[in-house]
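This report concerns only the one structure given below.
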Amino acid sequence: MHYFSTNERSPHVSFREAVIGGQPDDKGLYFPSEIPKLSDGFLADLKNLSNEQIAFDVIRPYVNGEIPDDVLFGVCAETVNFEFPLLSITKRISTLELFHGPTLAFKDVGARFMSRCLRHFSSDPSEKTIVLVATSGDTGGAVAAGFHGVEGIEVVILYPKGKVSKIQELQLTTLGGNVTTLELHGTFDDCQALAKRALADADLSTKVNLTSANSINVARWLPQQFYYFYALKQWDGEPPVISVPSGNFGNLASGILAHTSGLPVKQFIAACNANDVVPRFLQTEDYQPRPSVATLSNAMDVGAPSNFVRILEIFGNDFLELASKLEAVSITDEITADTMRQVYKKYEYILDPHGAVGYRALADYLDEHPDGRGIFLETAHPVKFDSVNDIIGTRTAVPPAVEDLFSKEKQSIEMGDDYGFLREVLLSRI
Ligand SMILES: *Cc1c(COP(=O)(O)O)cnc(C)c1O
């Protein structure tokens with residue numbers, strides 16, 4: 001097993017090099033040289049395996065012996081030490097709740113796995129590694145929590161000012177210590193562009209060990225497969241349709257990767273908000289990234305989804321293969337809010353805006369396919385989004401982990417869309 005760049009103009013690297021490097025020099029994304037096939041025995045036995053064991057068995061071939069098995073098992077156990085419940089909302093629609101981790105979003109899984117891999121690989125504490133992450137809200141919190149207090153690691157977060165929720169902002173700005181938070185006057189795409197520029201800056205790389213903790217890092221991307229297996233472990237019957245609220249398309253790419261390894265899934269749905277580059281692509285075969293537009297499901301406000309090339313790669317860039325396994329739809333804010341109200345009224349289930357996009361996309365699909373049943377991923381806890389209370393007209397209970405945040409002080413550095421400033425901050429952290 002090795003990793004190659006989707007742009008195919010960078011050398012092949014090991015798992016360790018891919019984790020530390022983040023992104024290849026040719027600006028492609030690292031992709032595994034083989035997609036392992038899981039044994040029929042493993043798949044038939046899912047219900048009897050622990051979550052730790054499933055995680056270990058799924059990730060082991062990708063790590064290729066570069067982390068000893070006993071250490072890797074420990075990393076997996078720490079990564080998935082919270083619940084991943086599958087709950088049925090209607091007879092045909094279930095939710096896989098991915099918000100029971102420390103920052104209440106699915107990104108905790110990738111962030112926890114990656115931080116532990118980096119800790120293992122950066123065994124020389126005299127060489128600091130800087131983890132640079134651009135966030136639309138949830139990534140930064142998960143990464144900051146995952147790396148907070150880890151020796152030898154500095155975290156620098158970039159987030160778009162005024163475009164994250166109150167709780168997200170507190171999660172991003174109150175840790176202090178080895179976490180530095182930059183509040184950028186601009187959009188998430190601006191943040192991502194600055195981060196990409198720093199990671200590609202050859203001169204900077206001679207002075208700073210810089211890596212990305214965005215979902216392009218294989219150590220965040222690959223472990224997201226785990227909970228698709230946990231969904232199937234809790235599922236009875238024909239393979240499900242799985243609807244994934246999508247922005248940068250890392251989560252969906254992980255699910256499709258798990259399926260390619262043998263996980264039975266009937267159909268995937270890319271559930272998007274008004275940022276509809278992928279739905280348009282599937283209609284027209286024309287891929288046209290565009291500036292993002294702001295929506296209720298702000299963690300999905302991405303106009304140039306970076307992980308989509310991995311999905312193309314999984315299907316060998318065969319459009320028809322891709323189109324046979326993946327539907328993509330765009331859901332407006334109005335329909336998203338309506339869905340939240342309806343589902344609360346009918347089933348007393350509180351959706352967050354991202355989960356609501358996933359629910360709606362799945363419900364619409366099942367209306368057209370009366371024999372199907374499916375799962376949507378609930379990617380974050382509704383309490384993380386300020387809009388939820390207004391939309392459903394009731395208060396979401398605040399979990400204790402989040403209540404603490406309100407007594408903490410915000411620490412951030414405001415900046416313009418200015419690469420020189422970011423560079424100085426990075427150089428000041430070593
Ligand atoms: C990040 C995020 C998404 C989008 O996930 P991608 O892997 O970028 O497609 C969806 N919902 C929530 C709540 C998120 O934080």
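Whatever order the structure lists ligands and atoms in, that order sets their numbers, starting from 1.
Backbone and side-chain nitrogen or oxygen atoms of Thr139 are examined, and none is located within less than 3.5 angstrom of a nitrogen or oxygen of ligand 1. For ligand 1, the polar-atom distance check finds an N/O of Asn251 within less than 3.5 Å of one of the ligand's N/O atoms. Residue contacts with ligand 1: Leu252 is placed with no nitrogen or oxygen under 3.5 Å of a nitrogen or oxygen of the ligand (distance criterion only). The N/O atoms of Thr379, backbone and side chain alike, include one that comes under 3.5 Å of an N/O atom in ligand 1.
Contact atoms of ligand 1 toward Ser246: 9 (O) (distance under 4.0 Å to a heavy atom of the residue). Listed by number with element, the atoms of ligand 1 under 4.0 angstrom from any heavy atom of Gly250 are 6 (P), 7 (O), 9 (O). Near Asp138, the atoms of ligand 1 lying under 4.0 angstrom from a non-hydrogen atom of the residue are 12 (C), 13 (C), 14 (C), 15 (O). Set against the non-hydrogen atoms of Ala299, the atoms of ligand 1 under 4.0 Å away are 2 (C), 12 (C), 14 (C), 15 (O). Proximity to Lys107 (heavy-atom distance under 4.0 Å) selects the following atoms of ligand 1: 1 (C), 2 (C), 3 (C), 14 (C), 15 (O). Numbered from 1 in the order shown, with element, the atoms of ligand 1 that lie under 4.0 Å from a heavy atom of His354 read 11 (N), 12 (C), 13 (C). Near Ala380, with a cut-off below 4.0 Å to any heavy atom, the atoms of ligand 1 are 13 (C).
When heavy-atom distances to ligand 1 are checked against a 4.0 Å cut-off, Lys384 has no atom that comes that close, whether in backbone or side chain.
By the 4.0 Å N-to-carboxylate-O rule, Lys266 lies too far from Glu238 to be salt-bridged with it. Salt bridge Arg290/Asp276: present, at least one basic N to carboxylate O contact under 4.0 Å. Salt bridge Arg360/Asp364: present, at least one basic N to carboxylate O contact under 4.0 Å. Ionic pairing of Arg112 and Asp108 is not present here: no N-O contact between side-chain nitrogen and carboxylate oxygen is shorter than 4.0 angstrom.
Ring centers of Phe319 and Phe281: under 6.0 Å apart, within the cut-off.
Separation of atoms CD (Gln225) and OH (Tyr230) is listed at 11.0 Å; rounding is to 0.5 Å. Note that the CG atom of Leu194 and the CG atom of Asp189 stand 11.5 Å from one another [nearest 0.5 Å].
Atom 4 (C) of ligand 1 has Gly247 N, 3.7 Å as its closest protein atom, hydrogens excluded (heavy atom only). In this structure, the protein non-hydrogen atom closest to atom 8 (O) of ligand 1 is Asn248 N, 2.8 Å.
Of the listed options Trp221, Phe99, Phe106, Phe106 places a heavy atom closest to atom 5 (O) of ligand 1.
Using 4.0 Å as the threshold, Pro245 has a heavy atom nearer than that to some atom of ligand 1.
Side-chain contact check for Asn273 and Asp301: at least one donor-acceptor pair (N or O, by modelled atom type) lies under 3.5 Å. Side chain to side chain, Gln53 and Asp57 meet the donor-acceptor criterion of an N or O pair below 3.5 Å.
Under the 4.5 Å side-chain criterion, counting only non-hydrogen atoms from C-beta, Thr181 is not in contact with Lys410.
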